[in-house]
Visitor: 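Sharing a structure here in structure tokens format.
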2 protein chains.
Amino acid sequence: MKEHRNISIADQIFEQLEKDILSGRYQRGEVLSELRLSKEMNVSRTPIREALLRLAQENILQESGRGMVVIGISNDDMLDMYDIRLHLEGEVARRAARNITEEQLSQLYELTDLQRFYINKQGNGSSEHTKNLDSQFHELLYTASGSKSYTDVLVRIHKKMTKYRIASISKQSRALQSNEEHMAICEALASHDTDRAEQAVLAHVRNAMNRMEHLEPIDG
Amino acid sequence: MKEHRNISIADQIFEQLEKDILSGRYQRGEVLSELRLSKEMNVSRTPIREALLRLAQENILQESGRGMVVIGISNDDMLDMYDIRLHLEGEVARRAARNITEEQLSQLYELTDLQRFYINKQGNGSSEHTKNLDSQFHELLYTASGSKSYTDVLVRIHKKMTKYRIASISKQSRALQSNEEHMAICEALASHDTDRAEQAVLAHVRNAMNRMEHLEPIDG
DNA sequence: AACCGTATGATTGTATACAATTGTAGCGTT
DNA sequence: AACGCTACAATTGTATACAATCATACGGTT
């Protein structure tokens with residue numbers, strides 16, 4: 001633990017734990033002890049503790065007197081998050097159609113093209129790339145709306161969704177469909193047609209929700 | 001710093017800094033140094049650092065290479081938060097009208113009565129009480145919806161709003177009007193009429209937004 | 001005078017030491 | 001056997017020590 005790079009150990013631990021919790025590796029109700037984790041990961045308590053604090057701030061963990069208790073998210077929580085997106089992303093799309101810059105627009109197109117490339121490639125780790133590009137696309141869309149508050153809420157939600165168990169994007173056919181919807185959003189934004197942008201984004205969210213609902217729940 | 005109580009120093013510092021930032025005491029762009037704050041507050045760097053990390057997780061601070069930079073929130077951010085609430089709280093109200101328990105309902109009534117008492121009292125620190133009861137009312141309303149995701153988003157937003165500069169509730173006449181709207185929400189929920197609950201909550205948010213818009217902005 | 005290198009100070013990131021609390025197991029007493 | 005007390009183990013909260021990085025200022029050299 002001697003190297004001092006740009007990305008801190010605490011950040012890595014945060015990402016790792018967040019993924020492990022949201023993907024279901026840690027069960028709801030499980031208690032995470034700082035000392036145990038620090039031994040498991042061969043670091044001191046400090047970065048562990050910082051990661052746990054941030055996760056608690058996200059309501060992914062709950063500090064409960066003795067140790068941090070895993071809360072995680074359920075299928076119902078996921079459905080509610082889609083519901084929230086349906087209530088918010090229409091407005092975001094309208095604002096983005098009005099405010100998006102040429103540079104942001106070309107970036108969105110590029111992300112979409114690159115994502116299609118990786119989906120068709122289907123190589124090792126391409127699914128990871130695909131998910132990453134999906135996150136970047138949506139984050140940029142939110143940013144293009146020009147609203148910090150909307151972006152804050154939706155980025156938080158989207159981040160949780162992509163780490164939930166197996167992302168619905170993993171099947172190639174569904175990934176391609178999602179990618180086509182991204183392209184439709186790009187074109188709607190390029191036309192600066194607020195109604196069209198709203199419809200394109202809402203259709204995408206609705207379809208994503210349906211793609212997820214058809215996955216089997218893992219536990220009861 | 002020897003006492004070990006239930007509420008940690010780090011928590012107190014977090015609350016204090018959050019209030020100081022959102023109320024405008026720290027300017028946007030200002031850099032907060034751990035060492036400086038720890039000297040100012042006569043504690044070690046550890047609790048300061050933990051508070052800063054949590055504030056960064058809330059996007060109230062931004063960690064930018066050298067120290068934490070204050071982001072804070074602007075009037076536009078506030079308006080967007082009201083806009084988000086208008087898009088979400090109608091649905092929350094509908095769900096609460098369906099799911100609220102008798103106990104939650106009587107608690108809501110009690111909070112409303114107590115708030116009216118403090119507003120009329122107008123004693124020293126009664127404004128603090130009033131704001132606190134307002135937060136409790138809305139948090140309970142969100143919880144009554146039964147949705148963790150909705151509650152998470154809205155509690156976060158509401159918390160920020162109440163700490164923004166001077167809350168719009170500070171004038172007695174406005175506080176009384178807000179309190180009457182709370183009572184209307186209670187009665188709508190008691191009737192379990194989803195449409196009526198939605199209308200009551202949305203009217204309350206709209207009125208709160210108008211009450212805020214009429215306040216003067218402090219800086220340009 | 002200009003330029004380059006080094007030392008120094010400020011700051012964050014990590015590890016460790018210490019204090020306090022809490023739960024529990026075990027033992028003794030009745 | 002039941003109850004209570006004590007001691008210990010586990011755990012968090014805080015302070016401090018140490019390492020690494022970065023900016024800056026200062027001094028020497030050409």
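First the proteins, then the strands, lettered A, B, ... as listed; each starts at 1. Remember, it's a predicted structure, so these values are computed and weren't measured experimentally.
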Visitor: Using a 3.5 Å distance criterion without hydrogens, assess whether the side chain of Asp83(B) forms a donor-acceptor pair with backbone atoms of Leu79(B).
Guide: no
Visitor: Please determine whether side chain to side chain donor-acceptor pair (under 3.5 Å) holds for the pair Glu103(B) and Gln107(B), giving the CA-CA distance in whole Å, both sets of side-chain angles, and the decisive distance to 0.1 Å.
Guide: CA-CA 6 Å; Glu103(B) 189 184 342; Gln107(B) 283 177 19; 3.3 Å; yes
Visitor: What residues from residues 48-55 of chain A pass a heavy-atom cutoff of under 4.0 Å to DNA chain D?
Guide: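 DNA chain D contact set from residues 48-55 of chain A: Arg49(A).
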Visitor: Separation of Arg45(A) atom CZ from dG13(C) atom P, in whole Å?
Guide: 19 Å
Visitor: Describe, in one word, how the ring planes of Tyr118(A) and His129(A) are oriented to each other, choosing from parallel (under 30°), tilted (30 to 60°) and perpendicular (over 60°).
Guide: parallel
Visitor: With a 3.5 Å distance limit and no angle check, can you tell me whether Ser149(A) reaches the backbone of Asp77(B) through a side-chain donor-acceptor pair?
Guide: yes
Visitor: Quick one: Ile13(B) CD1 to dG13(D) P, roughly how many Å, whole number?
Guide: 14 Å
Visitor: Using the side-chain contact (heavy atoms from CB on, under 4.5 Å) rule, take Met161(A) and Tyr82(A) through it: C-alpha gap first, then chi angles, then the decisive distance, then the call.
Guide: CA-CA 9 Å; Met161(A) 294 184 92; Tyr82(A) 276 116; 3.2 Å; yes
Visitor: Rounding to an integer number of Å, can you tell me how far Asn42(B) CG sits from dT14(D) C1'?
Guide: 14 Å
Visitor: Using side chain to side chain donor-acceptor pair (under 3.5 Å) as the criterion, list what pairs up with Ser106(B), not counting sequence neighbours.
Guide: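 Side chain to side chain donor-acceptor pair (under 3.5 Å) list for Ser106(B), sorted by chain: empty.
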Visitor: Side chain of Val43(B) only, heavy atoms from C-beta on: which candidate in dA15(D), dC22(D), dT22(C) is closest?
Guide: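 The listed nucleotide nearest to Val43(B)'s side chain is dA15(D).
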Visitor: Hey, can you pull the residues of residues 31-40 of chain B with a non-hydrogen atom under 4.0 angstrom from DNA chain C?
Guide: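 Those residues whose heavy atoms fall under 4.0 Å from DNA chain C, taken from residues 31-40 of chain B in numerical order, are Leu32(B), Ser33(B), Glu34(B).
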Visitor: May I ask you to decide if Arg49(A)'s main-chain N or O and Glu34(A)'s side chain share a donor-acceptor pair within less than 3.5 Å?
Guide: no
Visitor: Need the bend value for the helix from dA1(C)-dT30(D) to dT30(C)-dA1(D): angle between end axes, 5 pairs each end, nearest 10°.
Guide: 20°
Visitor: Is a donor on one side and an acceptor on the other found under 3.5 Å between the side chain of Tyr142(B) and the backbone of Ala93(B)?
Guide: no
Visitor: Select from Pro47(A) and Met68(B) the residue whose nearest nucleotide in DNA chain C is closer to the 5' end of that strand.
Guide: Met68(B)
Visitor: Under the side-chain contact (heavy atoms from CB on, under 4.5 Å) rule, collect the residues that match up with Thr112(A), sequence neighbours excluded.
Guide: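 With neighbours one apart ignored, the set is Phe137(A), Asn179(A), His182(A), Met183(A), Cys186(A).
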Visitor: Between Ser44(B) and dA15(D), does any side-chain N or O lie under 4.0 Å from OP1 or OP2?
Guide: yes
Visitor: dT14(C) phosphate, OP1 or OP2: any side-chain N/O from Thr46(A) under 4.0 angstrom?
Guide: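 Checking Thr46(A) against dT14(C): no side-chain N or O falls below 4.0 Å of OP1 or OP2.
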Visitor: So, His158(B) versus His138(B), ring centres under 6.0 angstrom or not?
Guide: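 Distance test on ring centres: under 6.0 Å, yes.
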Visitor: Rounded to whole angstrom units, what separation is found between the CD1 atom of Ile9(B) and the C1' atom of dA19(C)?
Guide: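 So the two atoms are 12 Å apart, to the nearest Å.
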Visitor: Quickly work out the Met41(B) CE to dT14(D) P distance and round it to whole Å.
Guide: 14 Å
Visitor: In whole angstrom, give the distance that lies between atom CD of Glu63(B) and atom P of dG13(C).
Guide: 7 Å
Visitor: Can you name the residues that form a side chain to side chain donor-acceptor pair (under 3.5 Å) with Arg85(A), not counting sequence neighbours?
Guide: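 Once residues adjacent in sequence are excluded, the partners of Arg85(A) under the side chain to side chain donor-acceptor pair (under 3.5 Å) criterion are Glu89(A).
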